[in-house]
Number of protein chains: 2
Amino acid sequence: MSERRGRKAPHTIDLALFTALRNQLAVLLWRTPEERERWALPWEHPTFDETLESAAGRIATEALGTTPGWLEQLAAFGGEKRHQSENDISVGFIGLIPAGTPPPVGGAYAWFPLGELPMLPPRQRAILDEAIAALRVRMDQSPVAFKLLPPAFTLSELQHMYELLLGKRLHKASFRRALQAAWLVEPTDEWRSEGRGRPAQLFRYAPRKRRPTQRGIRLDLLIS
Amino acid sequence: MSERRGRKAPHTIDLALFTALRNQLAVLLWRTPEERERWALPWEHPTFDETLESAAGRIATEALGTTPGWLEQLAAFGGEKRHQSENDISVGFIGLIPAGTPPPVGGAYAWFPLGELPMLPPRQRAILDEAIAALRVRMDQSPVAFKLLPPAFTLSELQHMYELLLGKRLHKASFRRALQAAWLVEPTDEWRSEGRGRPAQLFRYAPRKRRPTQRGIRLDLLIS
DNA sequence: CGAATTAGTCACTGAATAGGACTAATGTCA
DNA sequence: TGACATTAGTCCTATTCAGTGACTAATTCG
């Protein structure tokens with residue numbers, strides 16, 4: 001094995017990096033200097049001496065300058081839909097970038113709102129579609145909304161992020177009651193005055209252990 | 001690409017096939033005729049002309065004689081934990097086999113209850129651990145319990161399967177109310193008399209479309 | 001100052017849940 | 001054959017939880 005150290009593996013790592021931009025979800029795309037109109041997800045062949053996760057983290061950091069607040073494997077993709085590289089399979093990752101992170105400069109990378117996507121290679125299109133679906137599903141299980149926000153945020157910002165992800169309006173009092181019951185945030189001692197209106201207190205994501213929340217069976221969540 | 005047709009790919013497909021056995025979850029393991037004490041998950045190098053899913057289905061069918069009622073990709077595994085094969089990465093799949101399916105004969109394959117697992121190669125151990133965790137998580141999203149039962153089952157059997165997966169007792173009336181509300185089963189016109197006691201009606205899994213179940217935000221499901 | 005605006009809370013109502021207690025239909029055994 | 005154990009299936013009630021409108025609080029704007 002060790003003689004392979006540093007050599008390129010035959011598979012690729014493909015990243016679906018999301019952020020919130022102008023009240024929409026957006027994904028980071030990349031184009032080569034040669035082919036100005038062929039956009040693609042950031043991807044690379046990892047070397048044999050890094051784990052899938054560390055390779056994904058490295059590629060994300062190379063693209064953005066910052067490390068994603070969250071990075072998780074989506075799945076492996078293979079089969080008839082070929083990659084632009086001559087590889088056998090691609091491992092897709094989902095990453096979340098806090099809103100307001102300055103966009104990468106130079107023109108090689110750009111954020112695309114999900115409603116305005118250009119053509120993508122077929123396998124990357126499949127990866128992105130599954131990534132979007134997984135985001136919606138994992139929202140309940142993982143702190144997706146929190147990782148799309150900066151470390152300190154107002155409760156209104158958090159609610160708007162949930163509304164963006166869920167695609168529907170939420171009632172303020174209900175949202176805050178649920179948030180309180182879940183022990184997910186803690187207040188900081190800072191307030192932010194956003195133009196007119198009462199200033200909002202800033203909170204941070206600070207999940208606290210709670211006794212295994214004695215919930216009933218939720219058969220109604222089954223997709224059918 | 002086409003000149004690769006039929007050739008082996010460098011990655012492997014590894015299967016975590018589960019069934020319910022003697023009131024426990026069990027996983028299918030396999031050993032080579034040469035090495036009688038080295039058990040492993042069923043695995044194989046796929047060929048280039050099949051998709052990941054079809055390769056997984058083929059390997060499962062070769063192992064069991066029957067096709068799993070459910071087969072879904074778990075994730076790709078790579079990095080320092082090496083496979084027994086000289087491969088780069090392994091793609092893990094989860095499969096569910098109805099309880100009571102006759103076990104494969106010949107001694108090459110055997111069901112192991114999760115409490116009595118032998119040593120496994122390190123990467124396969126990781127795959128199995130993640131598969132078990134994913135089973136518990138996806139239970140709410142996918143009809144895991146139903147696919148571990150034969151096509152026709154009693155409501156008590158279904159409840160016992162949920163109790164096995166959740167690791168806790170459920171209240172009969174609550175369970176049935178939730179089941180009714182979810183429109184997941186329909187009665188057959190058969191009844192089964194199981195020794196003493198009133199005979200039970202048999203049901204089948206028959207999910208019916210329902211309008212997008214207007215649920216509240218469930219922040220309390222977030223793992224913390 | 002008053003109106004507008006945004007933050008944050010309260011209280012009422014209807015729906016969903018946990019759980020005990022009930023009825024129903026069968027086998028067992030004296 | 002009749003009491004009883006056993007398993008299936010239903011009903012009812014107290015309690016908890018989510019949806020919602022209306023309230024108070026703190027600030028900017030004019």
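Hydrogens, waters and symmetry mates play no part in the numbers below; they use all other heavy atoms, side chains included. Quick note on labels: first sequence line is chain A, next is B, and so on, each numbered from 1.
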B:Leu158 CG to D:dA8 C1': how many Å, rounded? 14 Å
A:Gln180 atom CD is separated from D:dC17 atom P, nearest whole Å, by 14 Å
Every protein N/O lying under 3.5 Å from an N/O of nucleotides 22-26 of chain D:
| unit_1 | atom_1 | unit_2 | atom_2 | d |
| --- | --- | --- | --- | --- |
| D:dA25 | O4' | A:Arg198 | NH1 | 3.2 |
| D:dA25 | N3 | A:Arg198 | NH1 | 3.3 |
| D:dA26 | N3 | A:Arg198 | N | 3.4 |

Over 60° means perpendicular and under 30° means parallel, so tell me whether A:Trp43 and A:Trp30 are parallel, tilted or perpendicular. perpendicular
Are OP1 or OP2 of C:dG19 and a side-chain N or O of B:Ser174 less than 4.0 angstrom apart? no
Could you give the CZ-to-C1' distance, from B:Arg192 to C:dG27, as a whole number of Å? 17 Å
Heavy atoms only, 4.0 Å cut-off, all strands: where does A:Gln201 land among base, sugar-phosphate and nothing? sugar-phosphate
For A:Gln159 and D:dG19, give me the distance from atom CD to atom P, rounded to whole Å. 12 Å
A:Gly195 vs B:Arg196, nearer the 5' end of DNA chain D by closest nucleotide: B:Arg196
To the nearest angstrom, how far is B:Arg169 atom CZ from C:dT17 atom P? 20 Å
Output yes when A:Glu157 and A:Arg192 qualify as a salt bridge under the 4.0 Å nitrogen-oxygen rule, no when they do not. yes
Less than 6.0 Å separating the ring centroids of B:Phe203 and B:Phe153? no
Atom CG of A:Leu202 to atom C1' of C:dA7: distance rounded to whole Å? 12 Å
Check this for me: does any side-chain nitrogen of one of A:Arg208 and A:Glu186 sit under 4.0 Å from a carboxylate oxygen of the other? no
Over all strands shown, is B:Thr154 touching base, sugar-phosphate only, or nothing at heavy-atom distances under 4.0 angstrom? nothing
Per atom distances to the B:Arg177 side chain, the nearest of C:dA7, C:dA18, C:dG27 is C:dA18
Between C:dG8 (P) and A:Phe153 (CZ): distance, integer Å: 12 Å
What's the NE2-C1' distance between B:His160 and D:dG9, to the nearest Å? 14 Å
Those residues at least two apart in sequence (or on a different chain) that pass ring pair (Phe, Tyr, Trp, His ring centres under 6.0 Å) with A:Phe112 are A:Trp39
Would you call B:Glu163 and B:Lys168 a salt bridge, using N to O less than 4.0 angstrom? no
Pairs where residues 128-137 of chain B contributes a residue and the test side-chain hydrogen bond (donor to acceptor under 3.5 Å, both in side chains) is met, not counting sequence neighbours: B:Arg125-B:Asp129
